[in-house]
Amino acid sequence: MAPELTLTSLLAMKTDELREKYLSFFETKGHTRVASDVLVPTWDPSVLFTPAGMNQFKDHFLGKVKLDFTRATTCQKCMRTGDIDNVGRTPRHHTFFEMLGNFSFGDYFKDEAIHWAWEFLTDKKWLGLPPETLSVTVYKDDQQAADIWHEKIGVPTSRISYEEEDENFWPASAPSQGPDGVCGPCSEIYYTAPGREALEIWNLVFTQFNRVGDPPDNLRPLPSKNIDTGMGLERTAAALQDVETNFHIDILMPIVQAAAEVCGVKYEYHSENGRRLRRITDHVRACTFAVHENVYPGANKEKYVVKRLLRRAVLDGHQIGLRDPFLCKIVPTVVEMMAGTYPELKETTERVAGVIEKEEANFFATIDGGLNRIEQSFDEMRKENRTTVDGHVAADLYQTFGVPPELFESLAAEHNLAFDWDGYEQAMLEHGEASGKLTHTVMGSKGPIDSLKQVHHKTDFLGYDVTEASATVLGIIAGKAPNDHLCDKMEEIGHEDPVRIVLDKTPFYGESGGQVGDVGKLMGAGFEFDVIDTQKDGELFVHIGHLKSGVMSEGDTVQAAVDTGRRDAIRRAHSATHLLHHALRKHLGDHAQQQGSKVEADWLRFDFTNLSPVTPEQLAAITEDVTSDVATAAEVKWETLPLAEARKQGAMMLFGEKYPDPVRMVSMGPLSAGTNSRELCGGTHLTNTKQVGAFEIISEEGVSAGTRRIVALTGQRAEQQVVETTTALDKTAKLLSCAASQVPEAVTALLAEQRSLKKLLSSGGAASDEPGPKLSSPTDQLSYQQAKITLTEAGRLLSVAPLAVPERVESLLSEVESMKRQLAERDAAGPLSADKLLESATKIGATTVVVAETPGAPQNLMRQLIDQLRAKEDSVAVLLAAREGDEKVTLIAGISKDLQQAKVSAGKWIGPVAKTLGGGGGGRPDMAQAGGKQPEKLPEALEVALKTIKEMIDA
RNA sequence: GGGGCCGUAGCUCAGUUGGGAGAGCGCUAGCUUUGCAAGCUAGAUGUCGCCGGUUCGAGCCCGGCCGGCUCCA
């Protein structure tokens, strides 16, 4: 052998070439090449990201779906964040990576899997690795695999090792520790390049057991055995290209270099910056794919993971010395490197970079704020002479303000302070506990639904064509998970927990694609069942509800009837959703893609991508568009056609949705603009847009950064909304006695009047009669759209919901009225002044005592008068009282400094006075305030005031 | 889904058993200077996020809602 020659030829093996070779090799072995599933499989609630190649085949393995093929091969985009701390530090760890795999669903097993793996690795036509560079491991009890490797393939026993269940079993340690369900031994293949350590490149999983309970004898053979293998693309490429880390392979090194350039540093493998650049490379690649699939950084679930990945990478940049967004500049390189296999990335490069840039800027701002908080914390530590940063404090700062502990630590080091990582970890653990845990659904779990799936696979959906049909009861499930169970029959009426019924076919729509499930009735011989919701579990439709009368048994024939009134309302809302989507893209641009939607009876919620709020004018234009689309009476059609054909016709496709092939395409048009709406959609629709009836947008709001939400109504609910809006505006106009169009002006004027009255009252000035703005008589007619904008505008001015405007205006008017009354009262009592008060003063020794009522005086004025009196007289005690309406009295007392020194207190003085009035009060020694609820006792109270101050001064 | 923090002048924020809404920057005017930067003096600007409760009295206490930030799962 000439290793140099081999090496040279291997060096030419590019990553893209390896991927292609793998897939075509298994195609020659009868495998169907299946495209990579999405990275964020929203169809699978048990995971946030696709963790392995087998994920998209879960149901295939479990026999829950009808199989179109029994052998498949894929290159799957994957993401794992479990070992996130190791990324960049070790040669192999990634968050985002690609996994090559071949799968058998009850088809071939161990023998073929091992033979083909060997052939692919060693045959000159494929990878052509020298056999002596390969070694394998098997599970200690899997002599069958060991025999195949040794006797059939010819691997010497010296290169076959036996491993424990924690290493060579899937799931790890399943035999002794569980979980129950399908599992099996694995066999790993290692490659040892000249001068390098052995590297695991391929794991063959032989799922052949069903685990039932604890050992012994808990592994039962599966009737149908499966093969699930995984070859790490990056690590195998690294081995073939003879580089020391995955990050140096042909598709990753250019990203590392781009990162180095953007960060303005030189890339060195063994350096802190080297680790940082590799981490940046990994994270920006992961985020590019995630954002491409419309998963934006956010507060929940996968969105949160994306956010955390981005922030980690930004923090690395920050510690390198960057202060402005930079990750976004690496995105084009990522796309360039990955576009060979994933050309769709090119279509969204700009948007992806934009989203990343925004989040980066956001985080730099968070860091800035954090720096101040960290400095404050150092100040406190200096005061208390501590030299170690309290981990709990750091965790608190992180949890509350997002201050990264790494940042805290490095600044602490600069101040020569230690950092308590143990305390930090502990605090974070406590926080995790406090935040609660999420229960994961275990693969291969044995719920009653799963048992049904094994037998029946699917319910036929008839609801596109009919709303009533005869069907057979396949299963009745009662009780709450995990204690739910299948029943042969049920007769209990009035049970509290809903029962779930599975039928062989049904007109009921199961909740999916944002559309809620149908309600209705199942009727059979002598029984009646109320369906309150319909859900889908896999391809089974589950009718949830209550038995109303009779006895229902498995195998019974039922007449299933959907509540058609509600169904029609849902159809209106769903078709209107498509029209709205279409109009949004026309007015805002093609980026206004659906992010999520919910369709109920005559009610719809639509989330879409848009960076800024939609203006009222845009909303009006969008509403008008939809309304005229409705008026156009365009035909609504649906057809089932191949995915590729639908794409060609320009159907809108959404990420994160798993489209079957063929797909169902819903078309409407031609619409008012002459274009058509085409969406892939499984929902129920109208046959003509005219049937939508009325359409009304009732709100537009932000739901997370870069995403807006519109809520709208259709049919009667929309009409009712129109009436309510019109009525509210008319009522407001009447209250303000102005024309509807002038409501905003009138509201502004009213607010101004309220403000100036408030000011007048508190300043003690005289009332002035400013005429309000001249408004025309209430006769003009507004179009509905104008009326809506007008009312919304008024609502904005008053900071209340549009429909709450009349109420708010009414209360404003009455407030203004009462202030005017108060002003008038004060004017009637004549002007108040310190001199005038002095006229009624009495003397107690050297002290001037003023106890008086100051009608209509607000608190502020009373204080001013007291201050004036204190300035005029050397020794003075003042107590003023003013009625507020018929039920309240306000008292304010103040005394001069000499009296305070003589231990006289305004607070103590005012107490008994307030008590006389049925109130209480207090304050500082020099100035006190109190109130009472019985104005009629004011004269008596003033007597008490005089008496009390006399006693205090004399004492 | 759950935890924490924040919402006070145009901006950044302070507001201490609940008792006169503040500072700095910015803004306007005047003064000073040959001019600029700046300096001095005076002044204006607030539904204290919204709604309700407790209280004689709430920016402050309690409850609900809205908005923003943040962490955990």
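Everything quoted here is computed from the prediction, not taken from an experiment. Each chain gets a letter, A, B and so on, in the order its sequence line appears, and its residues count up from 1.
Checked by atom type, the side-chain pair A:Gln868/A:Gln864 shows no donor-acceptor distance below 3.5 Å.
Base-pair partner of B:rC48: not found among the strands shown (Watson-Crick or G-U wobble, both distances under 3.5 Å). B:rU54 is unpaired under the criterion used here, namely a Watson-Crick or G-U wobble arrangement in which both key atom distances are under 3.5 Å. In this structure B:rC27 sits in a base pair with B:rG43, meeting the Watson-Crick or G-U test at under 3.5 Å. In this entry B:rG7 has B:rC66 as its Watson-Crick or G-U wobble partner, both defining distances falling under 3.5 Å. Base pairing annotation: B:rA14 forms no Watson-Crick or G-U wobble pair, as no partner gives both donor-acceptor distances under 3.5 Å.
Nucleotides B:rG52 and B:rU45 have their P atoms positioned 27 Å apart, rounded to a whole Å. Taking atom P on both B:rA73 and B:rG46, the two are 47 Å apart, rounded to the nearest angstrom. B:rC61 and B:rG18 are spaced 8 Å apart, taking the P atom of each and rounding to whole Å. Across B:rG57 and B:rG24, the matching C1' atoms stand 31 Å from one another, rounded to whole Å. Spacing of P atoms, B:rG26 relative to B:rC69, comes out at 29 Å, to the nearest Å. Separation of the P atoms belonging to B:rG39 and B:rC5 is 40 Å when rounded to the nearest angstrom. Taking the P atom of each, B:rU55 and B:rG49 are spaced 23 Å apart, rounded to whole Å. Across the P atoms, B:rG3 and B:rG63 are found 13 Å apart, a figure rounded to whole Å.
Side chain of A:Met428, nearest nucleotide from B:rC56, B:rG19, B:rC71: B:rC71. Checking B:rG19, B:rC56, B:rC69 against the side-chain heavy atoms of A:Thr366 singles out B:rC69 as nearest. You'll find that the side chain of A:Asp867 is closest to B:rG20, out of B:rA73, B:rG20, B:rG2. When distances are taken from the side chain of A:His431 to each of B:rG20, B:rC69, B:rG2, the shortest belongs to B:rG2. Ranking B:rC5, B:rG3, B:rG19 by closeness to the A:Phe401 side chain, first place goes to B:rC5. Of all nucleotides listed (B:rG20, B:rC71, B:rA73), B:rA73 comes nearest to the side chain of A:Arg308.
Counting to the nearest Å, the C1' atom of B:rC71 and the NE2 atom of A:His392 are 15 Å from each other. One atom, CG of A:Leu891, and another, P of B:rG19, lie 18 Å apart when rounded to the nearest Å. Taking atom CG of A:Leu397 as the reference point, atom P of B:rC5 lies 13 Å away to the nearest angstrom. In this entry the distance linking NZ of A:Lys301 with C1' of B:rA73 reads 9 Å, nearest Å. B:rA14 atom P lies 11 Å from atom CG of A:Asn372, rounded to whole Å. In this structure, A:Gln399 atom CD and B:rG3 atom P are separated by 13 Å, rounded to whole Å. If you measure from atom CD1 of A:Ile866 to atom P of B:rG19, you get 17 Å, rounded to the nearest angstrom. Atom-to-atom, OH of A:Tyr424 to P of B:rC71 comes out at 10 Å; the value is rounded to the nearest Å.
Geometric assessment of A:Arg373 against the ring of A:Phe401 yields a positive cation-pi assignment under the 6.0 Å and 45° thresholds.
An OP1 or OP2 oxygen of B:rC56 is reached within less than 4.0 angstrom by a side-chain nitrogen or oxygen of A:Lys933. Note on A:Arg311: a side-chain N or O is less than 4.0 Å away from OP1 or OP2 of B:rU70.
Checking A:Met927 against A:Val889, the closest nucleotide of RNA chain B that is more toward the 5' end is the one next to A:Met927. Annotation: of the two residues near RNA chain B, A:Ala930 and A:Lys307, the 5′-most nearest-nucleotide partner is A:Ala930.
For the salt bridge (Lys or Arg N to Asp or Glu O under 4.0 Å) test with A:Arg311, the passing option among A:Glu406, A:Glu359, A:Glu360 is A:Glu359; the others fail.
Note on A:Gly931: a base of the nucleic acid sits closer than 4.0 angstrom, heavy atoms only. Looking at heavy-atom distances under 4.0 Å, A:Thr890 makes no contact with the nucleic acid at all.
Ring-plane geometry between A:Trp421 and A:Tyr424 is classed as perpendicular, the angle between the planes exceeding 60 degrees on a 0 to 90 degree scale with a lower cut at 30.
Nearest heavy-atom pair, A:Gly920 versus A:Ala930, reported as atom, atom and distance to 0.1 Å: O-CB, 3.5 Å. Here the closest heavy-atom approach between residue A:Pro171 and residue A:Pro179 is recorded as CG-CD, 4.3 Å.
Residues A:Ile84 and A:Arg308 meet the side-chain proximity criterion, which asks for heavy atoms closer than 4.5 Å. When side chains are defined from C-beta on, A:Leu938 counts as touching A:Glu853, because their heavy atoms get closer than 4.5 Å.
The base of B:rG4 has none of its N or O atoms less than 3.5 Å from a complementary donor or acceptor on the side chain of A:Asp396.
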